Chemist: 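The structure follows.
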Amino acid sequence: MNNIEGKVESRKAIQPPKKFVKQANITSKKIYEKAAKNPPAFWAEQAKHLSWFKPWKKVLQWKAPYAKWFVGGKINAAYNCLDRFLGTPTQNKAAIIWEGEPGDSRTLTYHQLHAEVCKFANVLKGLGVKKGDRVIVYMPMVPELAITLLSCARIGAVHSVVFGGFSSEALRDRIQDASAKVVVTASGGFRRGSVIQLKKNVDASLEHCPTVEKVVVVNRAMDPTQVPLKEGRDFWWHRLMEDASAKCPAEPMDSEDMLFTLYTSGTTGKPKGIVHTTAGYLLGANLTTRWIFDLKDSDVYWCTADIGWVTGHSYIVYGPLSNGATVVMYEGTPDYPEKDRFWRIIEKYGVTIFYTAPTAIRTFMKWGEEFPKRRDLSSLRLLGSVGEPINPEAWMWYYEFIGRKNCPVADTWWQTETGSILISPLPGITPMKPGSATWTMPGIKAEILDEKGKQVPSGSGGYLVLTHPWPSMMRGIFNDPERYQKQYWDKFPGKYFTGDGAKQDKDGFFWLLGRIDDVMNVSGHRISTMEVESALVDHHAVAEAAVVGKNHDIKGQAIAAFVTLKEGFKGTDGNEMIGVLKKHVADKIGALARPDDIHFTAELPKTRSGKIMRRLLRDIAEGRALGDTTTLADPSVVASLKQKYEETEG
Ligand code: 7RM
């Protein structure tokens with residue numbers, strides 16, 4: 001865990017700007033008390049903001065670890081994002097303002113988005129997709145991606161988005177786990193001016209995925225004549241859309257019907273498919289977007305995440321669209337063609353709400369203020385942060401240079417598993433402490449426990465747990481109920497274990513301390529040490545590997561690998577084996593998992609029972625004095641490793 005004790009808590013809280021408070025959606029702290037008194041009644045009242053085909057009979061049915069919310073209700077997520085705005089003034093408002101990396105752009109009104117979604121829903125039906133079938137989505141950030149999600153939701157198909165930066169092998173594993181019937185992809189996607197060939201990766205995966213019957217390909221970033229389509233299996237998106245009808249009623253779904261799965265890293269090498277269901281998830285996304293981002297009809301809202309991650313699901317698609325908001329969607333990176341691209345986009349579209357990640361903010365800090373200063377950012381009125389703890393320096397920089405001290409900063413804590421934000425300021429009422437995600441949302445109850453399950457005193461670190469069910473909580477791991485139980489519910493029976501460390505200060509503010517398990521957080525991406533280790537030992541030269549996350553100024557954590565090679569292979573620091581292994585990991589998982597450092601060692605430090613002591617490797621990687629080594633089988637191993645490390649790193 002990072003230690004941010006002391007210094008931070010002594011800072012004075014920053015009050016939200018007066019001008020903001022005056023116009024905020026939520027202006028009274030009473031909402032917390034009201035929700036705490038009877039959470040199900042609170043959620044039931046909030047659920048009335050959604051459009052239902054049939055009201056629920058029972059708000060909550062809870063038998064840990066399984067919750068059912070709004071039992072007996074019928075609802076459709078796509079209907080809530082589209083149809084309910086037809087015939088209202090929102091119909092002709094921009095739903096999505098899309099900007100492509102090369103500078104092309106496209107705007108879809110709610111009316112137009114509805115038509116596109118209906119058409120693609122009919123296309124999916126025509127390809128044989130039925131309610132409950134899984135559709136894998138492997139796409140760049142183009143409007144068709146959002147259209148695909150909503151089309152699945154419309155007909156009750158389960159979407160499972162795989163981030164476009166993942167390799168064909170990672171894609172294959174996810175397609176297989178989901179036993180998907182259809183894959184929706186694009187020929188290619190832009191990344192800093194070069195092209196990533198997504199369809200080519202799909203072709204490689206599908207050699208091992210017999211369940212996939214059809215592939216739909218959006219024409220993007222490549223010469224279409226250079227993209228081979230397999231007869232009978234692969235189809236161009238635009239061809240299928242030509243003949244599709246724009247009439248497709250939304251399927252009334254049970255509240256607890258599956259809406260999507262999304263794969264995320266856990267403590268073992270195998271990614272898990274987090275399951276979310278329709279009504280509870282939609283309520284969480286809808287309510288948190290309206291309250292935390294203080295949405296008004298006139299806002300232009302931009303969340304910079306990729307829809308390949310849960311942040312994009314909840315805060316680009318379902319949350320803002322179910323509120324009738326105008327969403328900016330951007331395909332590229334912040335530094336292409338220049339380091340002011342984000343600020344240009346804010347100026348160009350008059351963005352009012354901006355939601356990004358600490359790793360991006362630290363990068364902007366490094367680039368310097370001159371880039372944001374070049375552009376007019378005066379339209380901004382609210383800032384958000386997500387993905388990892390934001391260090392107070394980055395918070396202050398964001399507040400000062402992007403928000404011009406006029407915008408509250410919402411540091412939002414949540415997880416793929418929680419579906420929506422659970423800890424965050426409500427910007428009109430919550431005082432802010434830079435580095436703290438502040439308070440739990442109304443209706444959410446969290447505790448910080450020690451190893452024995454006892455609550456720790458304020459100011460002490462411990463395990464963050466959630467003690468009561470909430471509507472957007474995960475409903476399980478796809479096809480793996482045992483792992484669900486073991487991972488989240490066994491450590492503290494009856495309570496949801498987040499995997500994060502936290503402490504609460506005397507004013508009740510939460511300070512998140514990072515993961516306490518073997519999950520790394522690299523630039524806001526979750527990667528398990530085991531996943532990278534499996535990729536390394538998969539290489540024929542590697543005998544054994546241990547991976548740790550080490551502190552990194554920009555990325556939060558960087559990946560350091562300690563590798564033992566097989567007899568006959570030579571690894572010296574600086575030799576070509578380092579590059580070979582880094583590339584191997586990038587090919588196996590994706591560029592996001594490429595190790596920053598690889599250290600060769602004849603042996604890894606292990607306990608007498610044979611467990612690799614990662615704690616000591618972390619000490620070495622971060623250049624600290626070694627912690628307790630008394631349980632090691634052979635203390636000389638780690639001592640020589642440390643000495644070698646100090647010699648090479650200077
Ligand atoms: C939304 C998302 C979840 C993990 C979570 C934390 C870390 C996310 C914050 C944060 C401190 C924050 N989903 N995390 N947001 N830590 N402050 N505001 O990131 O499933 O990909 O990751 O990310 O460790 O457990 S995720």
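All ligand and atom numbering here is 1-based and tracks the order in the structure. Since we're looking at a predicted model, the values are computed, not measured.
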Chemist: I want to know whether H468 and W62 have ring centres closer than 6.0 Å.
Modeler: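 Centroid separation for H468 and W62: 6.0 Å or greater.
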Chemist: Would E417 count as a polar contact of ligand 1, with the cut-off being nitrogen or oxygen pairs under 3.5 Å?
Modeler: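 In this structure, E417 places no N or O atom under 3.5 Å from an N or O of ligand 1.
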Chemist: State whether the side chain of E531 and the backbone N or O of P271 hold a donor-acceptor pair below 3.5 Å, judged by distance alone.
Modeler: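 No: the side chain of E531 does not pair with the backbone of P271.
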Chemist: What's the shortest distance from atom 20 (O) of ligand 1 to any protein heavy atom, and which residue and atom give it?
Modeler: T416 OG1, 2.6 Å
Chemist: Between Y315, W414, F510, flag the one that comes closest to atom 2 (C) of ligand 1 by a heavy atom.
Modeler: W414
Chemist: Please report whether ligand 1 has a polar contact with R515, defined as an N or O pair separated by less than 3.5 Å (distance criterion only).
Modeler: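 Min N/O separation from ligand 1 is below 3.5 Å for R515.
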Chemist: With a 4.0 Å cut-off on heavy atoms, is G387 in contact with ligand 1?
Modeler: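 Right, G387 reaches ligand 1.
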Chemist: Side chain, backbone, both or neither: which part of V310 has a heavy atom under 4.0 Å from ligand 1?
Modeler: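 The side chain, only.
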Chemist: How far is atom 11 (C) of ligand 1 from the closest protein heavy atom, and which atom is that?
Modeler: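 In this structure, atom 11 (C) of ligand 1 has P389 N, 3.1 Å as its nearest protein heavy atom.
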Chemist: Of all the heavy atoms in W309, does at least one lie under 4.0 Å from an atom in ligand 1?
Modeler: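 Contact absent.
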Chemist: Have a look at ligand 1 and work out which part of T311, if any, has a heavy atom under 4.0 Å from it: side chain, backbone, both or neither.
Modeler: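 The answer is the side chain.
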Chemist: How about K582: does its NZ atom have over 12 heavy atoms from other parts shown lying under 6.0 Å from it?
Modeler: yes
Chemist: Determine whether the aromatic ring centres of residues F364 and Y398 are separated by less than 6.0 angstrom.
Modeler: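 No, ring centres 6.0 Å or more apart.
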Chemist: Please report which non-hydrogen protein atom sits nearest to atom 21 (O) of ligand 1, along with the residue it belongs to and the distance in Å to one decimal place.
Modeler: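 The answer is R526 CD, 3.6 Å.
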Chemist: Can we call the ring centroids of W302 and Y355 under 6.0 Å apart?
Modeler: no
Chemist: If we only count N/O pairs under 3.5 Å, is D411 in contact with ligand 1?
Modeler: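 Such a contact does occur with ligand 1.
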Chemist: Would you mind running through ligand 1 and noting each atom that sits below 4.0 Å from a heavy atom of L512?
Modeler: 11 (C)
Chemist: Would you mind running through ligand 1 and noting each atom that sits below 4.0 Å from a heavy atom of T412?
Modeler: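 Reading through ligand 1 atom by atom, the close ones are 9 (C), 12 (C), 15 (N), 18 (N).
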Chemist: Any donor-acceptor pair under 3.5 Å linking the side chain of R362 with the backbone of D553?
Modeler: yes
Chemist: For R614 and V547, indicate whether the former's side chain and the latter's backbone hold a donor-acceptor pair under 3.5 Å.
Modeler: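 Yes: the side chain of R614 pairs with the backbone of V547.
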Chemist: Report yes or no: does D450 contribute a side-chain atom to a donor-acceptor pair with the main-chain N or O of K452 at less than 3.5 Å?
Modeler: yes
Chemist: Atom 12 (C) of ligand 1: which protein heavy atom is closest, and how many Å away?
Modeler: E388 O, 3.4 Å
Chemist: Counting each atom of ligand 1 from 1 as listed, which ones have a heavy atom of N521 under 4.0 Å away?
Modeler: 7 (C), 23 (O)
Chemist: Which residue and atom name correspond to the protein heavy atom nearest atom 5 (C) of ligand 1, and how close is it?
Modeler: D500 OD2, 3.3 Å
Chemist: Given 3.5 Å as the limit, does a donor-acceptor pair link the side chain of D596 with the main chain of A560, or not?
Modeler: no
Chemist: Please confirm whether the backbone N or O of N551 pairs with a side-chain atom of E622, one donor and one acceptor, at under 3.5 Å?
Modeler: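 Checked: pair present.
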